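Keep in mind the model is a prediction, meaning the values are calculated, not measured.
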Amino acid sequence: MATAITPQQTYIDDFDPKDYFQTSFAAGEGMFLGEWTEFALQNLHETFIKGDVQGNTLLDFGTGSSGYHLLSACEVFDNIITSDFLEQNRAEFQKWLKKDPDAFDWSHIIKRVCEIEGNRDDCDKKAEKLRSKVKEVLKCDALKRNPFDPIIVPPVDCLLSCFCLEAPCRDIKSYCNVLKNFQDLLKPGGHLLILSTLNATFYHAGKKRFNVMTSRKEDLENAFKEAGYHIEKAVYAPRTDKSRMDVADYDGKYFICACKPK
């Protein structure tokens, strides 16, 4: 029997962005550096810089306290709206936007994106470009019919969500319902991009454990189709480094690029 996901109230009470950053992305020790970041950054680079996912406005759903997954998007979108359920995550991301000296240091990942794009000396310019493109930091709740209630967000050209939906969704049916609700946030022909992990049941932020929905390839693709999207690209890759399975037990990664019918 699947383990129940961690309730929203537990995230509100117990989730510490600093612990999460230290565990997951801090230079020299974050467990998602390397294998995960390479997968995410390469796929996003190919999608935004080399692909045809473009437009005026991108909505990032579940930004957390990070913005590394937006570093290629800011090259092709002039307006980026970020969002997160947790006030503490939104506050940390605002620190980075405002260059607060206490903000998390993402320079090592920014440098890697610049290397991928062939501009290894433009790290400061890249960070500034992303800051300039982020127009709003909103509260969102994936479990609401309108995730931004009471705000009405006009339909956008692209909706991106990275490392998010497995946290609030209790099962694949709930996940599918969220994808259906995303339809109202996208223009006809707009793109939905989702990146996350496969076959996970938990992850840690510091010493605190958070249980998540387990995503499987077949279930994910069926959910996108049932929600009314056309899958343009789906990439799956196994986890090769199993050294820290006690910190997060996922065994693979996925990236799905889908399109809302015109």
Side-chain angles (χ1 to χ4, degrees), residues 11-12 14-34 36-45 48-49 57-117 119-141 148 151 153 156 158-164 167 193 195-196 203-206 208 210:
Y11 275 93
I12 293 170
D14 295 342
F15 188 88
D16 186 333
K18 293 182 178 64
D19 286 343
Y20 179 71
F21 175 77
Q22 206 64 33
T23 302
S24 303
F25 294 107
E29 59 182 295
M31 75 161 294
F32 289 114
L33 295 179
W36 164 259
T37 50
E38 280 299 302
F39 177 82
L41 299 178
Q42 290 284 358
N43 276 291
L44 292 169
H45 169 70
F48 292 124
I49 307 301
T57 303
L58 178 144
L59 172 60
D60 184 36
F61 194 91
T63 307
S65 57
S66 66
Y68 71 92
H69 52 289
L70 299 170
L71 289 163
S72 288
C74 74
E75 296 295 334
V76 294
F77 288 92
D78 287 331
N79 300 295
I80 295 177
I81 302 168
T82 65
S83 62
D84 201 77
F85 176 67
L86 295 178
E87 180 181 358
Q88 57 265 44
N89 278 340
R90 299 193 302 273
E92 285 295 341
F93 187 59
Q94 289 276 20
K95 284 184 180 180
W96 184 82
L97 290 175
K98 297 174 181 177
K99 298 186 187 180
D100 188 304
D102 292 329
F104 298 153
D105 181 8
W106 295 96
S107 60
H108 51 299
I109 298 183
I110 296 172
K111 179 181 178 181
R112 180 60 191 135
V113 173
C114 290
E115 290 173 350
I116 291 171
E117 294 179 358
N119 300 302
R120 65 175 62 235
D121 296 324
D122 289 345
C123 295
D124 291 340
K125 290 181 181 179
K126 169 67 80 173
E128 287 309 304
K129 177 171 280 192
L130 177 54
R131 288 187 177 101
S132 72
K133 297 295 184 71
V134 175
K135 308 303 183 183
E136 294 183 271
V137 180
L138 303 178
K139 179 180 180 180
C140 64
D141 185 343
F148 299 97
I151 296 172
V153 176
V156 300
C158 180
L159 192 157
L160 169 64
S161 187
C162 180
F163 260 172
C164 174
L193 312 178
L195 305 92
S196 196
Y203 70 93
H204 280 82
K208 293 186 172 66
F210 297 88

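- The CG atom of L130 sits 7.5 Å away from the CD1 atom of I110 when rounded to the nearest 0.5 Å.
- Considering every non-hydrogen atom in both C158 and F77, the closest pair reads CB-CZ, 3.6 Å.
- Nearest heavy atom pair, residue D14 against residue K208, reads O-CD, 3.2 Å.
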Stepwise salt bridge (Lys or Arg N to Asp or Glu O under 4.0 Å) test for R131 and E128: CA-CA 5 Å; R131 288 187 177 101; E128 287 309 304; 2.8 Å; yes
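- For the pair T37/I109, a side-chain contact is recorded, criterion being any heavy-atom separation below 4.5 Å from C-beta on.
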Intermediate values then yes/no, side-chain contact (heavy atoms from CB on, under 4.5 Å), V113 and Y68: CA-CA 9 Å; V113 173; Y68 71 92; over 6 Å; no
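- Here the NZ atom belonging to K18 is positioned 7.5 Å from the CG atom belonging to D102, to the nearest 0.5 angstrom.
- For Y20 and F15, the distance between ring centers is under 6.0 angstrom.
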Candidate pair L193 and L159, rule side-chain contact (heavy atoms from CB on, under 4.5 Å), full reasoning: CA-CA 6 Å; L193 312 178; L159 192 157; over 6 Å; no
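- Side-chain polar atoms of E136 and T82 form no donor-acceptor pair below 3.5 angstrom.
- Taking all atoms of both residues into account, the shortest heavy-atom contact from T23 to G206 is OG1-N, 2.8 Å.
- The two residues K126 and L71 have their closest heavy-atom pair at NZ-O, 2.7 Å.
- Ring pair F21/F104 is parallel by interplanar angle, where below 30° counts as parallel and above 60° as perpendicular.
- Side-chain contact between I151 and K139: absent, with no pair of heavy atoms (C-beta onward) separated by less than 4.5 Å.
- Note that the CD atom of Q88 and the OH atom of Y11 stand 11.5 Å from one another [nearest 0.5 Å].
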Audit row: H45, E75, side-chain contact (heavy atoms from CB on, under 4.5 Å) steps and yes/no: CA-CA 10 Å; H45 169 70; E75 296 295 334; over 6 Å; no
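- The two residues C140 and G62 come nearest to each other via the heavy atoms SG-N, 4.1 Å.
- No donor-acceptor pair under 3.5 Å is formed between the side chain of D100 and the backbone N or O of W96.
- Annotation: the span from T57 atom OG1 to K135 atom NZ amounts to 9.5 Å, rounded to 0.5 Å.
- Two residues are said to be in side-chain contact when any heavy atoms from C-beta on lie closer than 4.5 Å; L70 and L58 meet this criterion.
- Nearest heavy atoms, S107 versus D105: OG-OD1, 2.7 Å.
- Each of L44, I80, L59 was checked for a side-chain contact (heavy atoms from CB on, under 4.5 Å) with L160, and the lone residue meeting it is L44.
- For R112 and E117, the salt-bridge test fails: no basic side-chain N is under 4.0 Å from an acidic carboxylate O.
- Legend: residues meeting side-chain hydrogen bond (donor to acceptor under 3.5 Å, both in side chains) with T63, ordered by chain and number and at least two apart, are D60.
- A salt bridge links D78 with K133: the closest approach of a Lys/Arg side-chain nitrogen to an acidic carboxylate oxygen falls below 4.0 angstrom.
- Expressed to the nearest 0.5 Å, how far OG of S161 lies from CG of L195 amounts to 8.5 Å.
- A salt bridge between R90 and E87 is absent, with no side-chain N of the basic residue lying under 4.0 Å from a carboxylate O of the acidic one.
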Verdict with reasoning, S83 to F148, per side-chain contact (heavy atoms from CB on, under 4.5 Å): CA-CA 9 Å; S83 62; F148 299 97; 3.6 Å; yes
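- Taken to the nearest 0.5 Å, the CD atom of E92 stands 4.0 Å off from the NZ atom of K95.
- For the pairing with F163, the ring pair (Phe, Tyr, Trp, His ring centres under 6.0 Å) check across F32, F61, Y203 returns one residue only, F32.
- Applying the side-chain hydrogen bond (donor to acceptor under 3.5 Å, both in side chains) rule to S132 yields no partners; only residues at least two apart in sequence or on another chain are considered.
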